[in-house]
2 protein chains.
Amino acid sequence: MSSAPRSLDAVQLGAYFALIEASSLLRHAVDQQLHEAGDLSYVQFQLLATLGDAPGGSRRMTDLADGVVYSRSGLTYQAQTLEKRGLVSRAPSRDDERSITVTITDEGRAVLAQVFPGHVAVLEELLFAALSPSDVETLAEILTRARDHMRQAPPRSAAPRRRRKAARAARA
Amino acid sequence: MSSAPRSLDAVQLGAYFALIEASSLLRHAVDQQLHEAGDLSYVQFQLLATLGDAPGGSRRMTDLADGVVYSRSGLTYQAQTLEKRGLVSRAPSRDDERSITVTITDEGRAVLAQVFPGHVAVLEELLFAALSPSDVETLAEILTRARDHMRQAPPRSAAPRRRRKAARAARA
DNA sequence: TATTGTTATACTCTATAACTATA
DNA sequence: TATAGTTATAGAGTATAACAATA
């Protein structure tokens, strides 16, 4: 347990507010573009894009969640929605019968392609227009470090399931 | 209209993903802390914090929205929620009878104080622990610039009301 | 006994459009 | 006629707990 300081200095506050607000504004704008161009929510786009980059366009449900969604049921919900639209398919994994492998379909890739130019345009106009190439590089370096740290940080009360062992005992 | 490039380079992609993911992880963690410590959503916290910093603890509804909420009805909803809990009060403005002035109450300030140490602790552990003071400074500078640019950028289809003039004519 | 994923359910939040009242 | 705010309503998303099936 580290001794947490009483408060933050002005620079820290500035960085925190700017981070939250910039990402919020950006995400809101991108979200709108995605809805207009392809009727996709941001989360759905993230899932499709993740699959699009994955080898074979496939990923197990559990691995897919990573950083995009914070609960299992949330992922199931989104996967179902995408499947109904024919943008992904789901099938039991061959090696582990418990897992489901999600795969992006051709139609899913088409929607991705359809949405992508506008997506890039929003990023250019909103985020990169105000930054020099060197700014972008610096930003990437610092934020990547921050993200990696957060990812491995012990989730305060997260770990949805892993932590529930006690509950079952209490019921008996 | 600028000629938007076909795609982004690897560094830009890295910066974009890191920004979205870092802010998402951070916001999720902070949101949980706020719920546990004071039964506040992140938006509610932002509104209270904004009021806490405002002169007299007051702000007009419209001015309060700024960057926190993206629709008028959304703000009304949150303001009502906070008022029911006694954390803010609302009264017609004296100078303009159309506007409502929202003011943080003593109880609102108490909740803010109750929640604040844990809030700072999360930020320290998750965001600042991985960054040097100089990183934080750099981050603040760049992201502030980005945010300010986004704020003044023409909202593609935003401006909830301002843009609706045509709709009325169509109904006639 | 732990893990993978689904379901049911309840709740929070957001957005649109129609409306009232003041400027 | 434009602005400030509310309401009704509907939809999207999220989380928790209980559940089934596999390892």
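Please read all numbers here as calculations on a predicted model, not as lab measurements. Residue numbers start from 1 in every chain, and the chains themselves are labelled A, B, ... in the order their sequence lines are given, proteins ahead of strands.
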Note to self: On the side chain of A/Ser71, is there an atom forming a donor-acceptor pair with the base of D/dT16 - under 3.5 Å, no angle test?
What the structure shows: no

Note to self: On the side chain of B/Thr62, is there an atom forming a donor-acceptor pair with the base of D/dA4 - under 3.5 Å, no angle test?
What the structure shows: no

[X] to [Y] - nearest heavy-atom pair and separation:
{"X": "A/Glu124", "Y": "B/Leu8", "answer": "OE2-CD2, 3.5 Å"}
{"X": "B/Ser23", "Y": "A/Leu19", "answer": "CB-CD1, 4.3 Å"}
{"X": "A/Thr144", "Y": "B/Gly14", "answer": "OG1-O, 4.5 Å"}
{"X": "A/Tyr42", "Y": "A/Leu34", "answer": "CD1-CD1, 3.7 Å"}

Notebook entry, point to check: Could you go step by step and tell me if B/Ser71 and B/Tyr77 meet the side chain to side chain contact (heavy atoms under 4.5 Å, CB included) rule?
Noted result: CA-CA 10 Å; B/Ser71 77; B/Tyr77 170 77; over 6 Å; no

Give a yes/no answer on whether the side chain of [X] brings an N or O atom under 4.0 Å of OP1 or OP2 in [N].
{"X": "B/Gln80", "N": "D/dG5", "value": "no"}
{"X": "B/Arg72", "N": "D/dA4", "value": "yes"}
{"X": "A/Arg90", "N": "C/dT6", "value": "yes"}

Notebook entry, point to check: What dot-bracket string describes DNA chain C from 5' to 3', counting Watson-Crick and G-U wobble pairs whose defining distances are under 3.5 Å, with [ ] for crossing pairs and | for pairs to another strand?
Noted result: |||||||||||||||||||||||

Margin query: List the residues meeting side chain to side chain contact (heavy atoms under 4.5 Å, CB included) with A/Asp9, not counting sequence neighbours, and say none if there are none.
Written below: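 Here the qualifying residues are A/Val11, A/Gln12.
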
Notebook entry, point to check: Side-chain contact, heavy-atom cut-off 4.5 Å: A/Leu51 with A/Leu47?
Noted result: no

Note to self: According to side chain to side chain donor-acceptor pair (under 3.5 Å), does anything in residues 87-98 of chain B pair up with another residue at least two apart or in another chain? List the pairs.
What the structure shows: B/Glu83-B/Arg90, B/Ser93-B/Thr101, B/Asp96-B/Arg98

Item checked: Where at least one partner belongs to residues 105-122 of chain B, residue pairs that pass side chain to side chain donor-acceptor pair (under 3.5 Å), sequence neighbours excluded -> A/Tyr16-B/His119

Check: Does a donor on one side chain sit under 3.5 Å from an acceptor on the other, for A/Ser132 and A/Asp135?
Finding: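 Side chains of A/Ser132 and A/Asp135: pair found under 3.5 Å.
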
For [X], side-chain hydrogen bond (donor to acceptor under 3.5 Å, both in side chains) partners two or more places apart:
{"X": "A/Gln46", "result": "none"}
{"X": "B/Glu141", "result": "B/Arg145"}
{"X": "B/Ser58", "result": "B/Thr103"}

Checklist line | Within residues 16-26 of chain B: residues closer than 4.0 Å to DNA chain D (heavy atoms) | finding: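 Here the set is empty: none.
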
Note to self: Of the listed nucleotides (C/dT14, D/dT6, D/dG5), which one gets closest to any side-chain atom of B/Thr76?
What the structure shows: D/dT6

Notebook entry, point to check: To the nearest 0.5 Å, how far apart are CZ in B/Phe45 and CG in B/Leu40?
Noted result: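 The distance works out to 8.0 Å.
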
Would you mind reading off the distance between [X] atom [atom1] and [N] atom [atom2], rounded to a whole angstrom?
{"X": "A/Tyr70", "N": "D/dT16", "atom1": "OH", "atom2": "C1'", "value": "18 Å"}
{"X": "B/Leu75", "N": "D/dT3", "atom1": "CG", "atom2": "C1'", "value": "15 Å"}
{"X": "A/Met61", "N": "C/dT7", "atom1": "CE", "atom2": "C1'", "value": "13 Å"}
{"X": "A/Arg94", "N": "C/dT4", "atom1": "CZ", "atom2": "P", "value": "18 Å"}
{"X": "A/Leu47", "N": "D/dG13", "atom1": "CG", "atom2": "P", "value": "11 Å"}
{"X": "B/Ile100", "N": "D/dT7", "atom1": "CD1", "atom2": "C1'", "value": "14 Å"}

Next item on the list: For residues 48-61 of chain A, pull every pair meeting salt bridge (charged side-chain N to carboxylate O under 4.0 Å, His left out), keeping only residues two or more places apart or in separate chains.
Entry: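 Passing the test, one end in residues 48-61 of chain A: A/Arg60-A/Asp63.
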
Can you tabulate the close N/O pairs, meaning under 3.5 Å, that link protein atoms to atoms of nucleotides 21-23 of chain C?
from, atom 1, to, atom 2, distance (Å)
C/dA23, OP1, B/Glu97, N, 3.1
C/dA23, O4', B/Arg98, NH1, 3.4

What's touching nucleotides 10-13 of chain C from the protein side, N or O pairs under 3.5 Å?
from, atom 1, to, atom 2, distance (Å)
C/dC13, OP1, B/Ser41, OG, 3.1

Check: Which of residues 51-60 of chain B sit near DNA chain C, with a heavy atom under 4.0 Å from it?
Finding: none

Check: Short question: side chain of A/Gln33, backbone of A/Val115 - any donor-acceptor pair under 3.5 Å?
Finding: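 A pair under 3.5 Å: yes.
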
Next item on the list: Give a yes or no on whether the backbone of B/Glu125 and the side-chain of A/His149 come within a donor-acceptor separation of less than 3.5 Å.
Entry: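 Confirmed, A/His149 side chain pairs with B/Glu125 backbone.
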
Note to self: Considering every strand and a 4.0 Å limit on heavy-atom distances, what is the contact class for A/Ser99: base, sugar-phosphate, or nothing?
What the structure shows: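 The answer is sugar-phosphate, as A/Ser99 gets under 4.0 Å only of primed atoms, P, OP1 or OP2.
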
